[in-house]
Amino acid sequence: MKITEVARKLNTTPRTIRFYEEKGLVFPGKTGNGYRLYKEADVKTLQAVLALREVGMSTAEIKTALEQEGGVSGFLHSQRSALYKEMLQIRDMITALDKMIEGNEKDAREESMIELAGKLKRLKEKRANWQDRWNFDDQAEVYDQNIKTTGYRFNVHENYWDALQMIKEWVDATSNEQGVDIGTGTGNLTGLFIEEDIPIIAIDQSKEMLKMCKKKFPRTDTRHGHFLSLPLKDHEADFIVSSYALHHLPDDEKELALAEMDRILSDGGRIAIADLMFKNKTDKQQLIDHLYKTGNREAIDAIEDEYYAEQTRIMKWLENKGYKVQVNQLNSILHLLFARK
DNA sequence: TTTCTCACA
DNA sequence: TGTGAGAA
């Protein structure tokens with residue numbers, strides 16, 4: 001396609017298209033006489049450029065967007081993720097301010113305001129720098145091996161495959177449903193669905209893990225993202241599964257994660273979670289006491305290193321949102337949670 | 001027709 | 001961030 005043809009098709013002028021080339025957004029080939037020749041792919045990118053321009057992005061921003069891995073859609077998702085983070089911060093600020101207003105009306109002392117401000121600041125920091133303390137990028141190669149080797153006196157992966165299998169069976173998906181696996185890791189759970197030709201989007205915050213997942217199950221749609229901002233539209237998923245992932249989020253963020261799941265899940269959709277948790281606070285204390293008594297340092301270290309959930313708290317949250325919840329405990333720390341919206 | 005360059009808002 | 005005009 002020559003330049004005027006493309007311009008007409010996209011409702012712009014040849015001049016503008018050349019301008020975008022000057023800014024490094026398209027690279028058409030040239031004919032013998034020096035005329036620009038546009039391929040179908042070039043037209044596509046130009047279309048994207050025009051669209052992004054329309055939304056107010058600068059050519060420089062568009063350039064970085066185009067260069068990002070995952071292309072435009074990857075960029076859009078990361079933009080969404082950034083905005084979502086901001087939105088959460090603003091929401092935190094509003095609740096904190098509401099509390100201050102309330103406190104002020106009751107003629108509270110200044111300390112409580114300062115206290116609140118401090119709490120807000122810490123929350124903000126936590127949100128801003130959730131970091132992968134466990135370094136999953138480095139674990140990608142060895143993760144599957146680690147599942148097989150049982151711990152000395154404490155094996156977090158006991159009943160691992162049972163749990164994944166049970167999730168798959170409970171979800172009971174058909175091949176025209178859209179699934180999502182959050183914190184897919186090396187894709188063990190995702191694989192169970194892929195084997196049966198059930199479309200599933202595998203999400204992980206570790207790009208190395210995603211590579212490994214793609215290697216094991218090439219047909220998987222892998223996407224970079226994390227619990228607090230999932231790269232999916234509202235109500236896009238028919239079912240959500242997640243295994244051995246939620247315990248990497250602090251408790252207050254777990255509820256945000258559930259809210260985010262709720263956002264992408266269609267009405268009547270299912271959530272199935274397998275994770276290390278305690279039934280409730282007293283259960284947690286009892287188990288830890290027991291471990292102390294028996295001197296099982298290994299287990300205590302493992303538990304303290306992560307954020308095991310309280311099953312009842314998650315259950316309550318889901319029920320408040322109108323989910324019908326069913327639970328199943330496989331061993332002292334492994335719980336399954338099935339919820340229907 | 002198209003390209004390139006300089007200038008302009 | 002574009003656009004206009006003129007020369008080739």
Side-chain angles (χ1 to χ4, degrees), chain A residues 1-94 97 120-121 124-132 137 180 201 203-208 210-211 214 221-237 256 259-260 263-264:
Chain A
M1 250 187 280
K2 287 202 287 184
I3 197 162
T4 29
E5 201 186 342
V6 179
R8 214 182 15 245
K9 209 170 185 171
L10 300 181
N11 240 325
T12 27
T13 62
R15 192 66 188 76
T16 311
I17 295 178
R18 284 189 213 105
F19 172 70
Y20 289 147
E21 182 181 335
E22 188 189 321
K23 294 292 168 191
L25 302 177
V26 259
F27 310 97
K30 297 220 177 165
T31 61
N33 54 17
Y35 286 12
R36 290 169 172 80
L37 261 198
Y38 294 87
K39 285 184 295 223
E40 208 51 53
D42 298 321
V43 180
K44 274 258 172 66
T45 53
L46 275 170
Q47 214 165 18
V49 170
L50 259 359
L52 291 175
R53 203 66 264 296
E54 196 75 26
V55 196
M57 271 174 68
S58 70
T59 49
E61 285 171 321
I62 294 172
K63 190 172 153 77
T64 52
L66 257 26
E67 281 163 359
Q68 224 192 37
E69 66 178 308
V72 189
S73 89
F75 172 81
L76 291 176
H77 282 306
S78 73
Q79 283 289 299
R80 182 187 184 283
S81 158
L83 282 176
Y84 190 81
K85 212 180 255 173
E86 260 179 69
M87 190 189 79
L88 289 176
Q89 276 188 10
I90 288 170
R91 209 197 56 178
D92 293 342
M93 287 170 76
I94 290 173
L97 286 170
L120 175 64
K121 194 177 161 210
K124 216 167 149 182
E125 282 165 359
K126 209 187 294 174
R127 282 251 172 73
N129 7 303
W130 183 88
Q131 46 173 340
D132 182 0
D137 272 347
V180 179
I201 296 166
I203 299 167
D204 205 287
Q205 56 79 28
S206 157
K207 290 184 180 170
E208 290 304 315
L210 287 178
K211 272 186 209 159
K214 193 87 181 170
D221 178 359
T222 56
R223 293 190 193 171
H224 189 239
H226 62 91
F227 269 118
L228 298 187
S229 59
L230 301 170
L232 277 97
K233 288 179 287 187
D234 293 0
H235 310 299
E236 203 181 339
L256 296 172
E260 180 67 349
R263 176 184 71 79
I264 66 164

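Side-chain atoms are counted along with the backbone in the values below, which use heavy atoms only and exclude waters and symmetry mates. Chain naming here is simple, since letters A, B, ... match the order of the sequence lines and numbering starts at 1 in each.
- Listed by residue number, the members of residues 33-45 of chain A with any heavy atom below 4.0 angstrom from DNA chain B are A:Gly34, A:Tyr35, A:Arg36.
- The stretch residues 41-50 of chain A participates, sequence neighbours left out, in no salt bridge (Lys or Arg N to Asp or Glu O under 4.0 Å) pair at all.
- Considering CZ of A:Arg18 and CD1 of A:Ile3, their distance stands at 4.5 Å, rounded to 0.5 Å.
- In the model, A:Ser206 has no side-chain atom that pairs as donor or acceptor with a side-chain atom of A:Asp204 under 3.5 Å.
- Listed by residue number, the members of residues 55-62 of chain A with any heavy atom below 4.0 angstrom from DNA chain B form an empty set.
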Side-chain donor-acceptor distances from residues 47-56 of chain A under 3.5 Å, at least two apart:
from    : atom 1 : to      : atom 2 : distance (Å)
A:Arg53 : NE     : A:Met57 : O      : 2.7
A:Arg53 : NH2    : A:Met57 : O      : 3.3

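- Annotation: salt bridge (Lys or Arg N to Asp or Glu O under 4.0 Å) contacts involving residues 25-39 of chain A, sequence neighbours excluded, comprise A:Glu21-A:Arg36.
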A:Val180 and A:Leu230: CA distance, side-chain angles, deciding distance, side-chain contact (heavy atoms from CB on, under 4.5 Å) verdict: CA-CA 10 Å; A:Val180 179; A:Leu230 301 170; 5.8 Å; no
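- For residues 10-29 of chain A, proximity to DNA chain B is found at A:Arg15, A:Arg18, defined as any non-hydrogen atom under 4.0 angstrom from a strand atom.
- Panel note: side chain A:Arg263, backbone A:Leu232; a donor-acceptor pair is recorded below 3.5 Å.
- A 4.5 Å side-chain heavy-atom check between A:Ile17 and A:Tyr38 finds at least one atom pair inside the cut-off.
- One finds no side-chain N or O of A:Lys2 lying less than 4.0 angstrom from the OP1 or OP2 phosphate oxygen of B:dT3.
- A pairwise comparison of heavy atoms in A:Leu25 and A:Thr59 identifies CD2-O, 3.6 Å as the closest pair.
- Taking CD1 of A:Ile203 as the start and CD1 of A:Ile264 as the end, the distance is 6.0 Å to the nearest 0.5 Å.
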